[in-house]
There are 2 protein chains.
Amino acid sequence: MGITERRLREKAERESRIVATARHIAEEEGWPAVTIRRLAQDIEYSQPVVYSHFASRDAIVGAVALEGFADLAETLRAAAHTTASPRKALEAVATGFLDFAFARPAIYEAMFVLPTGLRFAKSDTPPPLRTTFGALMAVIAPFCDDPELATETFWGALHGLAELDRHGRIRPAFRAQRIALVVDAICHGPDNGPAGA
Amino acid sequence: MGITERRLREKAERESRIVATARHIAEEEGWPAVTIRRLAQDIEYSQPVVYSHFASRDAIVGAVALEGFADLAETLRAAAHTTASPRKALEAVATGFLDFAFARPAIYEAMFVLPTGLRFAKSDTPPPLRTTFGALMAVIAPFCDDPELATETFWGALHGLAELDRHGRIRPAFRAQRIALVVDAICHGPDNGPAGA
DNA sequence: TTGTTAATCTAGCGATGCTAGAATATGTAG
DNA sequence: CTACATATTCTAGCATCGCTAGATTAACAA
């Protein structure tokens with residue numbers, strides 16, 4: 001039954017073309033430009049074909065978000081490995097997170113702002129989401145005694161700074177200084193992990 | 001010319017009815033339910049009348065957001081005055097901020113997530129926005145040497161925690177502990193203001 | 001009472017997400 | 001090769017959205 005396999009392969013390929021197209025349009029023109037009609041036109045199929053792959057537009061956004069989490073996890077992992085100093089690793093990851101948010105605002109929006117139907121902190125949470133969380137936890141763990149709680153808080157701080165900055169509510173020029181403030185606060189915190197720097 | 005005054009008064013009243021209606025629908029059914037048709041129906045006028053008050057749907061969201069900022073500023077100011085301890089004031093404001101986000105998610109969304117056209121950090125930034133920022137700055141100033149930078153960072157942390165929590169990405173049950181972590185980090189930070197607690 | 005201006009409404013445009021039902025390929029059996 | 005059955009894809013359309021042009025009505029002035 002090589003025919004069935006070929007069919008599945010072609011279908012999977014078409015699906016990833018849809019996701020890639022959605023991602024591309026979102027990055028170039030923003031998410032409002034990502035319409036089902038536009039996607040159908042770009043992949044050269046009719047609209048119902050798009051719906052044979054994804055139940056709704058939100059599901060497509062979710063698929064792009066999932067790819068984004070895989071990318072972000074890899075980015076953070078790489079940032080953490082640029083230095084042996086726990087403090088510098090923490091700062092590198094924080095900077096990497098915000099750089100990602102500003103370099104790929106549309107993907108970041110899909111991951112953190114738009115409705116996607118993705119489920120977090122559940123038993124069926126997709127691997128890329130866990131991996132991203134893990135990458136953050138890896139660098140903050142040395143500085144705290146409750147890594148999960150600290151990671152949640154660290155993540156919140158980074159996400160909030162990204163959002164306020166993205167919306168023009170805080171001064172873009174002081175991005176690095178805000179990161180430094182966060183990193184300092186973590187390092188000199190109550191549970192003052194390893195000797196700083 | 002009492003007639004003109006009455007006209008203006010009636011127009012202003014109708015405008016605030018639009019905003020109140022939008023706020024009410026958003027709180028009860030979410031922002032997607034706030035359509036121009038629905039607003040027009042509820043205030044018993046036709047759609048163009050709504051557009052004679054606001055240039056776009058986004059502008060209506062912005063008006064609700066502005067009211068929200070006034071509310072939030074008052075909430076934070078009140079929270080800060082419940083204690084003389086700078087540390088407890090900081091914690092009370094942080095808790096108040098997050099409580100506001102979860103008690104009025106739709107208004108919070110208008111203030112921080114949805115497109116509104118509101119301008120921050122500019123010369124024409126509306127007073128309520130400045131006041132809210134000031135309320136945060138008032139409680140964090142004792143613990144830092146660059147109040148503006150610290151306020152931006154503090155604000156980011158709070159907003160990020162609110163968003164991740166609202167989207168179900170961090171554990172709701174640990175909200176208070178995350179706040180405590182943030183407060184501790186600020187108090188024991190590099191510029192360790194007044195003797196803690 | 002008539003004419004002018006301002007306020008309001010009706011009706012519609014161009015989109016959107018999504019879907020039912022027709023049409024067309026595709027693979028199988030006689 | 002033909003006829004049927006199945007799966008795939010398309011055409012066409014629904015209901016709804018934000019927004020607006022042009023007709024209609026109300027309010028005031030002469």
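No experiment lies behind these values; they were computed from the predicted model shown. Numbers restart at 1 for each chain; the letters A, B, ... are given by sequence-line order, proteins then strands.
Among the protein residues, B:S56 comes within range of the sugar-phosphate backbone only, with heavy atoms under 4.0 Å from sugar or phosphate atoms but none that close to a base. Across all strands shown, B:V50 has no heavy atoms under 4.0 Å from either base or sugar-phosphate atoms.
Classification of A:E91 and A:R87 as a salt-bridged pair holds, one side-chain N sitting under 4.0 Å from a carboxylate O. Comment: B:E74 does not engage B:R77 in a salt bridge, judged by the lack of any side-chain N to carboxylate O separation of less than 4.0 angstrom.
Between A:H159 and B:H159, the ring-plane angle classifies as parallel under the 30° and 60° cut-offs.
We find that CD of A:E10 is positioned 10 Å from P of C:dT26, with the value rounded to whole Å. For the pair B:I36 CD1 and D:dC19 P, the computed distance is 6 Å after rounding to whole Å. Rounded to an integer number of Å, the gap from CD1 of A:I18 to P of C:dG17 is 14 Å. Protein atom CG of B:L39 is 11 Å distant from nucleotide atom P of D:dC17, rounded to whole Å. Summarising the geometry, the separation between CZ on A:R38 and P on C:dG17 is reported as 12 Å, rounded to the nearest angstrom. Distance OH (A:Y51) to P (C:dT16): 11 Å, rounded to an integer number of Å. In this structure, CH2 of A:W31 is placed 15 Å from P of C:dT16, rounded to the nearest angstrom. For B:H53 and C:dA6, the NE2 to C1' distance is 14 Å, given to the nearest whole Å.
Remark: A:R166 fails to qualify as a cation-pi partner of A:Y108 under the 6.0 Å distance and 45° angle criteria applied to the six-membered ring. Both tests hold for B:R175 against B:F102: distance to the six-membered ring centre under 6.0 Å, angle to the ring axis within 45°.
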Please enumerate all protein N or O atoms sitting under 3.5 Å from an N or O of nucleotides 21-26 of chain D, with distances to 0.1 Å.
none

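Distance from the side chain of A:Y45 is smallest to D:dC10 among D:dC19, C:dT19, D:dC10. The listed nucleotides are D:dC10, D:dG18, C:dG17; the one nearest the side chain of A:V49 is D:dC10.
Proximity of B:R14 to the phosphate of C:dT8: a side-chain N or O atom is located under 4.0 Å from OP1 or OP2. Under 4.0 angstrom from either OP1 or OP2 of D:dT9 there lies no side-chain N or O belonging to A:S46.
Remark: the A:Q47 side chain and the C:dC18 base include a donor-acceptor N/O pair separated by less than 3.5 Å.
A side-chain donor-acceptor contact under 3.5 Å links B:T132 to the backbone of B:F69.
Place B:R37 and A:K11 on DNA chain D by their nearest nucleotides, and A:K11 ends up nearer the 5' end.
In summary, the aromatic rings of B:F133 and B:F154 are positioned with their centroids too far apart to meet the 6.0 Å limit.
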